[in-house]
Colleague: 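Got a structure for you, written out below as structure tokens; questions coming shortly.
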Amino acid sequence: MIGSVGAVAARDLKLAMRRQADLVSVLFFFIIVASLFPLGVGPEPQLLKKLAPGVLWVGALLATMLSLPRLFADDYRDGTLEQLVLAPQPLGLTVIGKVVAHWLVSGLPLALLAPVLGLQFDLETDALLILTVSLLIGTPALSGIGAVGAALTLGLRGGGVLVSLLVLPLYIPVLIFGAGAVDATVTGMGAEAHLSILGALAIGGVFFAPWATAAALRISLE
Amino acid sequence: MNIHWSSFSDFLAMGGYGLYVWGSFGVTALVLIAEPIVAVRNRKALIARLKRQARAERGNNGSNKEQ
Amino acid sequence: MNNRLINWFKYASPQSFYPLAGKMIPWFAAAGAVFGIAGLWIGMAVAPTDFQQGEGYRIIFIHVPASWMSMFIYLVMAFWAALGLAYNTRLSGMMAQALAPTGALMAFLSLWTGALWGKPMWGTWWVWDARLTSELILLFLYIGFIALQAAIDDPRRADKAGAVLALVGVVNIPIIYFSVKWWNTLHQGASVSLNRAPAMASLMLWGMLLMALAFWMYSIAIALYRARTIMLERERGTEWVKETLAAEGAK
Amino acid sequence: MLEAFDLECIRGERRLFAGVDFRLEGGEMLFLQGKNGSGKTTLLRMICGLTPPAAGEIRWQGAAIGRLGEDYREVLCYLGHLNAIKEELTPLENLTASAKLAGETLTEDEALDALEAVGLLGREDLPCKYLSQGQKRRVALSRLVHEKRALWVLDEPFVALDVAAVAWLAGLIGAHLQRGGLAVLTTHQAVDIPAGAVKELKLS
């Protein structure tokens, strides 16, 4: 079981490494969005510090979403998806493998990049730490929930915009608790409660959403 | 059950909240009238289209038979 | 499969549901009109002034029913969706598709009247209150559902994809609601709290219940009407639609 | 044993076929014929369980394929008109990756043997985007060499192949039938399968 998840993830990672441009463009999108905010709202450090958790989290969320349409689109176009559906293992496990690979090339780098961007917003060390941790816990949920939207819109015209329309409302709890964790640290309250709820959302996103994704994939292939 | 209002202008004024109350009721009325109108129109358009299609099919069948 | 289930499936076929729905629509529409007139009479003409909110509270007679309907219709939609996925009945998808626009309009009305109520009461058109925010998100969910169905050409795929989305949405709604509520209580300083529910006079309550019934009847009538149109379009190749069309022409 | 009962296919509003029955024993091949758009590919996808039939049922060894699920997918090898290979990966990587996804163990020697059989030895380290259309098809076909599945479902397997490769593939299918395997295929070319009983099914 673990083996089949690993095989899917390993193949997707290898493909991602051959197309590094995709990975880099997602990261640059994040950097640019985060850097635009101070230009828009002004350079006062107090204001920026207050905005930072929300801005960085929304930026990471949009960057993750930018990479979603490609999650299944390539496999769909070249026929690999049919083979994945026909493989003698539960499709949900295959999807978990793909979600894991997607997180490793989008969520993980975003989480590691976030503290650097946090410095632009004058965040303290402990807030930077919680920012990274909250992104590490929260972005797997984004990949998992996003996969449902990507599977539903497979092969449709205007699929990219449609994915955002379907997925963004479902991302709200992750955003609230992710940004809330950082905010709670900035204001001196503990972030443990936020982080544990975020963890619960991540478990739901990674282990339950793939089965809805599997159903959606079967529907899209009919 | 007594009528609460002493005059019609009182009723319209809604104790100073006229704009808000009538704004709410007006838009609601608009929506609840417009939705059925659109639904009826869609249905009529569909039926007309389906009838045209049925006629075209009959026409085709007829000409095929003549051949 | 027992007999009862077979009977049930008989009515689940568009062919037998179409005339049934046709007979039901006038009754629901009439009931909606009667309840609506009674509710408006009580709510607008008879009910006393609220001692806290003055006459402005009368918005409640449409705001609350619209909010209830917007939530209830989503649940019904998800119910049809689950039924469609489980039993692969054609009717379920059509019902879900017929309900969505009404649900979205109800969510819109709820937001619109909420804003018009909020301005005089709290001095602002919009507050990031848990309930308002959740309602806004519900509207987004409706729009996503409608957009997804509109983007898919094959109606069977549209039904199934919409059903998966509706079910994912219905699982998420409580999570979204509680997270928004939590977020709201955390961020709320000394600002307005919208949670106090004024004790309502019985006349007000009656007016609201009648209005809720009216909205309910209206929603059923319009959804059935739309479902009938969808049935004709989807099944246009079949004999029963051709016969129905011929009968319509004779009228 | 693969059986189909009273299959019906509706695409959009058009009924492509209805009342399709067939029965295929070990060692037999079903040759699907029909014009473009007659539903050949859809029937193949139904046999794979990708597309549910509008009516009717498909059974493998007497059990409905929908109920068998993974047990059925374990015996099935489907080759669609898409090659299901990744342009960025080399033939060798494609082959090992697809074997792993299919839950099979494939040593590098076996993979190289399979690539040699399809005549791609020497190109195993070249990314597939540099290969010709026919060579890409061969990469896809190399799965047939090493996967030991009982039921082959092949959609236009001879497309883009040269004469020698067509003969080789016909021989491969023939050997598969002789081992007691089953095959369902569509093709526009006249191909002589050297062994086994060929049944024909015409979709109109």
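This one's a predicted model, so the numbers in the text were calculated from it and none came from an experiment. Throughout, a chain's letter reflects where its sequence line sits, starting with A, and its residues are numbered from 1.
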Colleague: Considering only heavy atoms, which portion of A/Ile145 lies under 4.5 Å from any heavy atom of chain C: side chain, backbone, both, or neither?
Modeller: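 Contact with chain C: none, neither part.
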Colleague: If you count heavy-atom pairs within less than 4.5 Å of chain C, which of A/Leu166, A/Val167, A/Ile197 leads?
Modeller: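 Top count of heavy-atom pairs under 4.5 Å with chain C: A/Leu166.
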Colleague: Name the region of A/Leu162, side chain, backbone, both or neither, that has any atom closer than 4.5 Å to a heavy atom of chain C.
Modeller: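 Side chain of A/Leu162 only, per the 4.5 Å heavy-atom cut-off to chain C.
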Colleague: Between A/Ala215, A/Ser220, A/Ala209, which shows the greatest number of heavy-atom pairs under 4.5 Å with chain C?
Modeller: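 Option with the top pair count is A/Ser220.
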Colleague: Side chain, backbone, both or neither: which part of A/Ser164 has a non-hydrogen atom closer than 4.5 Å to chain C?
Modeller: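 Contact with chain C is absent: no heavy atom of A/Ser164 under 4.5 Å.
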Colleague: Chain C: which of A/Pro173, A/Ala212, A/Gly155 shares the most heavy-atom pairs with it under 4.5 Å?
Modeller: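 Option with the top pair count is A/Pro173.
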Colleague: Any side-chain donor paired with an acceptor under 3.5 Å for C/Arg131 and C/Ser67?
Modeller: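 C/Arg131 vs C/Ser67: no donor-acceptor pair found between side chains.
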Colleague: For residues 60-74 of chain A, which side-chain N or O atoms pair as donor and acceptor with protein atoms under 3.5 Å away, sequence neighbours left out?
Modeller:
unit_1: A/Thr64; atom_1: OG1; unit_2: A/Ala60; atom_2: O; d: 2.7
unit_1: A/Ser67; atom_1: OG; unit_2: A/Thr64; atom_2: O; d: 2.7
unit_1: A/Ser67; atom_1: OG; unit_2: A/His102; atom_2: NE2; d: 3.0
unit_1: A/Arg70; atom_1: NH1; unit_2: A/Asp22; atom_2: OD1; d: 3.0
unit_1: A/Arg70; atom_1: NH1; unit_2: A/Asp22; atom_2: OD2; d: 2.4
unit_1: A/Arg70; atom_1: NH2; unit_2: A/Asp74; atom_2: OD2; d: 2.9
unit_1: A/Asp74; atom_1: OD1; unit_2: A/Arg77; atom_2: NH1; d: 3.3
unit_1: A/Asp74; atom_1: OD2; unit_2: A/Arg19; atom_2: NH1; d: 2.8

Colleague: Given the options C/Leu85, C/Val180, C/Leu165, which has more heavy-atom pairs under 4.5 Å with chain A than any of the others?
Modeller: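 The candidate making the most pairs under 4.5 Å is C/Leu165.
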Colleague: Tell me, side chain or backbone of C/Val171 under 4.5 Å from chain A's heavy atoms, or both, or neither?
Modeller: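 Neither; nothing under 4.5 Å.
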Colleague: Between C/Glu235 and C/Arg90 (salt bridge meaning N to carboxylate O under 4.0 Å), is one present in this structure?
Modeller: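 Salt bridge present between C/Glu235 and C/Arg90.
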Colleague: Apply side-chain contact (heavy atoms from CB on, under 4.5 Å) to C/Thr133 and C/Trp183, showing your working.
Modeller: CA-CA 11 Å; C/Thr133 312; C/Trp183 162 79; 4.2 Å; yes
Colleague: Where does the angle between the aromatic ring planes of C/Trp216 and C/Phe72 fall among parallel (under 30°), tilted (30 to 60°) and perpendicular (over 60°)?
Modeller: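 Taking C/Phe72 first and then C/Trp216, their aromatic rings sit tilted (interplane angle of 30° to 60°).
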Colleague: Heavy-atom distances under 4.5 Å only: say whether A/Leu152 touches chain C with side chain, backbone, both or neither.
Modeller: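 Answer is both: backbone and side chain atoms of A/Leu152 are under 4.5 Å from chain C.
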Colleague: Quick check: do C/Trp182 and A/Ile176 have side-chain heavy atoms less than 4.5 Å from each other?
Modeller: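 Sidechains of A/Ile176 and C/Trp182: no contact.
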Colleague: Between C/Asp154 and C/Lys160, does any NZ, NE, NH1 or NH2 come within less than 4.0 Å of an OD or OE carboxylate oxygen?
Modeller: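 No, no charged N to carboxylate O under 4.0 Å.
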